[in-house]
Trainee: 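Quick one: the structure is below, and I'll ask about it shortly.
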Amino acid sequence: MSEFYRVIRECYDNIFPLSKKQVDFIVRNFERGCKILEVGCANGKLSNALSENFGVVGIDVEYEFVEVAKSRFPEVDFLTLNMLNVDFLPGMYDGIVCFGNTLVHINHSDVQEFLNKAYSKLISGGKILMQIVNYDYILGNMVGELPLIDNDLVRFERYYDHGDKFIFRGKLEVKRSGLQVESEVELFPILSNELTAMLEEAGFGDIMLFGSFDGEVFNNSSKALIISGVK
C-alpha cells in the first residue's frame, strides 16, 4: 500500500464517516436476518453497522484494510478477496452491496465479470445494490473538482483529469501532524445506461436507479448513482 493509501486508511473514518442514510437504505431493501455480502468493505464500519440486522461478510482487496476491520469488529466475518473472485466464496447470499465508488476502479469488462459472478452468488429473488459517483454529470459537464472534504482533522482535495485516461488526483493533509500526501489513480467511469445494460446482461431484472440514499429518482444532476437489480 502506498503512503497515500496508508494515510487514507488511518484517517478513513474522518474522511468518509459512516452514513446512517446508507445503512437505512440497505435495511429498507432486505428482511431482517438476511445474509449480506459487502464488496469493498474498507475498514469494516458499514459491515459492522449492518450486522445489527443481517448476517454479514465483508471483503476487500486491500489486506491492510481487512486486518483493521477484523481487529475493530471481530464479530463480523472479513476476508481479503478480489471482487472478481466472489464466486470462490462458499454459500449463497440474499444481498450483495457495493458502495463507495468501488466499481470504477476496475475496467468495464471486469465490471461485467463481477456482475455475472455476483448474480451466481445470489439466491433467487436476491438483490444487488451498488453506488458510484454520477458520471453522467461528471463527464457531461467536464467536472474537474469534487467537493472539498475539510474538518478538524483532515483536508482532502479531489480532482479529475479528463484526457485519454480518466485520472483521479487526491491531496490529503492531516492537520494534527501537518503531513501532506498526494496520489493519482486511473478510474473507469460508468454511465447510468452502461451499468443498467451490464446488469441486464448478467441476468438481473427489476432494475431501479436512485439519485440519493433517500430514494430520490436519479437524474442527470444527481450527485450519486445508486442502482439495484434483482435475480
Side-chain angles (χ1 to χ4, degrees), residues 1-23 38-49 58-73 76 78-83 97-107 110-111 130-190 212-213 221-226:
M1 180 177 286
S2 69
E3 177 70 2
F4 180 82
Y5 284 101
R6 180 190 67 79
V7 177
I8 287 280
R9 173 168 52 85
E10 293 176 356
C11 302
Y12 197 78
D13 287 345
N14 302 116
I15 302 169
F16 305 113
L18 178 67
S19 167
K20 184 178 184 299
K21 289 184 178 182
Q22 283 189 356
V23 177
E38 186 193 1
V39 175
C41 65
N43 68 0
K45 65 182 184 297
L46 178 57
S47 287
N48 177 66
I59 65 169
D60 200 285
V61 71
E62 296 288 353
Y63 171 81
E64 292 87 351
F65 260 135
V66 172
E67 290 304 298
V68 170
K70 287 180 177 179
S71 66
R72 292 179 71 187
F73 311 115
V76 181
F78 294 104
L79 299 169
T80 303
L81 189 71
N82 190 303
M83 62 193 299
V97 175
C98 183
F99 287 173
N101 219 37
T102 299
L103 279 183
V104 299
H105 287 79
I106 59 176
N107 63 43
D110 284 344
V111 171
M130 298 179 291
Q131 173 258 321
I132 61 173
V133 171
N134 177 9
Y135 288 104
D136 293 32
Y137 179 79
I138 296 292
L139 298 182
N141 294 277
M142 294 294 289
V143 174
E145 185 174 352
L146 290 174
L148 175 68
I149 296 174
D150 192 8
N151 55 48
D152 291 342
L153 296 174
V154 297
R155 176 184 173 89
F156 191 22
E157 302 173 22
R158 301 172 295 165
Y159 306 97
Y160 286 139
D161 287 351
H162 297 253
D164 293 338
K165 294 183 178 180
F166 187 83
I167 303 297
F168 169 81
R169 302 185 191 277
K171 180 179 180 181
L172 176 64
E173 176 188 356
V174 183
K175 295 182 177 180
R176 181 176 57 237
S177 64
L179 177 65
Q180 295 186 11
V181 290
E182 300 182 36
S183 186
E184 64 179 55
V185 62
E186 182 180 5
L187 299 181
F188 304 89
I190 308 173
S212 76
F213 289 109
S221 62
S222 299
K223 291 183 178 179
L225 168 61
I226 302 156

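Since this is a predicted model, take the numbers as computed values, not measurements. Computed from heavy atoms alone, side chains included, the values below leave out hydrogens, waters and symmetry copies. Each residue takes its place number in the sequence, starting with 1.
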Trainee: My understanding is that only residues two or more places apart in sequence, or in another chain, count here; which of them pass side chain to side chain donor-acceptor pair (under 3.5 Å) with Y135?
Mentor: N101, Y160
Trainee: Under 4.5 Å between any side-chain heavy atoms of V66 and L79, yes or no?
Mentor: no
Trainee: Can you name the nearest heavy-atom pair linking I132 to I190, along with the distance?
Mentor: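 For I132 versus I190, the nearest heavy atoms are CD1-O, 3.7 Å.
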Trainee: Measure the spacing between CG of L179 and CG of L172 and express it to the nearest 0.5 Å.
Mentor: 7.5 Å
Trainee: Restricting to ring-ring contact (aromatic ring centres under 6.0 Å, His included), what partner residues turn up for F16, sequence neighbours left out?
Mentor: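 ring-ring contact (aromatic ring centres under 6.0 Å, His included) list for F16, sorted by chain: Y12.
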Trainee: I need the minimum non-hydrogen distance between S47 and G58, along with the two atoms involved.
Mentor: OG-CA, 3.9 Å
Trainee: May I ask you to check whether over 12 heavy atoms, not counting those of D152, lie within 6.0 Å of atom CG?
Mentor: no
Trainee: Would you say N141's side chain and V143's backbone share a donor-acceptor pair under 3.5 angstrom?
Mentor: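 No, N141 side chain to V143 backbone: no donor-acceptor pair under 3.5 Å.
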Trainee: Check whether any side-chain heavy atom of M83 sits under 4.5 Å from a side-chain heavy atom of D110, and report yes or no.
Mentor: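 Not in contact.
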Trainee: Shortest non-hydrogen contact from S221 to Y137?
Mentor: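 Closest pair (atom of S221, atom of Y137, distance): CA-CD1, 4.1 Å.
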Trainee: Taking atom CZ of F166 and atom CG of L139, what is their separation to the nearest 0.5 Å?
Mentor: 5.5 Å
Trainee: For residues 176-188, pull every pair meeting salt bridge (Lys or Arg N to Asp or Glu O under 4.0 Å), keeping only residues two or more places apart or in separate chains.
Mentor: R169-E184
Trainee: Could you give the distance from OG1 (T102) to CE (M130), rounded to the nearest 0.5 Å?
Mentor: 11.0 Å
Trainee: Tell me, please, which residues at least two apart from F213 pass ring-ring contact (aromatic ring centres under 6.0 Å, His included).
Mentor: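 Checked F213 against ring-ring contact (aromatic ring centres under 6.0 Å, His included); matches are F25, F99.
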Trainee: Taking all non-hydrogen atoms of both residues into account, name the closest pair between Q131 and G100 and its distance.
Mentor: OE1-N, 2.8 Å
Trainee: For the NZ atom of K171 and the OG atom of S183, what is their distance to the nearest 0.5 Å?
Mentor: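 Result: 14.0 Å between the selected atoms.
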Trainee: Going by heavy atoms in the side chains, are L148 and E157 under 4.5 Å from each other?
Mentor: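 When only atoms from C-beta onward are counted, E157 and L148 do touch, with a gap below 4.5 Å.
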Trainee: If you measure from CZ on R155 to CD1 on I15, what distance do you get to the nearest 0.5 Å?
Mentor: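 R155 atom CZ to I15 atom CD1 measures 13.5 Å (nearest 0.5 Å).
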Trainee: Side chains of V174 and C11: closer than 4.5 Å at any heavy-atom pair?
Mentor: yes
Trainee: So do F73 and F78 actually touch side chain to side chain, heavy atoms under 4.5 Å?
Mentor: yes
Trainee: Once salt bridge (Lys or Arg N to Asp or Glu O under 4.0 Å) is applied, do any residues pair with K175, and if so which ones, sequence neighbours excluded?
Mentor: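 D150.
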Trainee: Let's go through D13 and N43 carefully: what are the C-alpha distance in whole Å and the side-chain angles of both, what is the deciding distance for side-chain hydrogen bond (donor to acceptor under 3.5 Å, both in side chains) to 0.1 Å, and is it a yes or a no?
Mentor: CA-CA 8 Å; D13 287 345; N43 68 0; 2.8 Å; yes
Trainee: Got a second to check how far N14's CG is from I8's CD1, nearest 0.5 Å?
Mentor: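 Going from CG on N14 over to CD1 on I8, the span is 11.0 Å.
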Trainee: Side chains of V23 and L18: closer than 4.5 Å at any heavy-atom pair?
Mentor: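 V23 reaches L18 side chain to side chain.
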Trainee: For K21, give me all partners under salt bridge (Lys or Arg N to Asp or Glu O under 4.0 Å), at least two apart in sequence or on another chain.
Mentor: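 Once residues adjacent in sequence are excluded, the partners of K21 under the salt bridge (Lys or Arg N to Asp or Glu O under 4.0 Å) criterion are D214.
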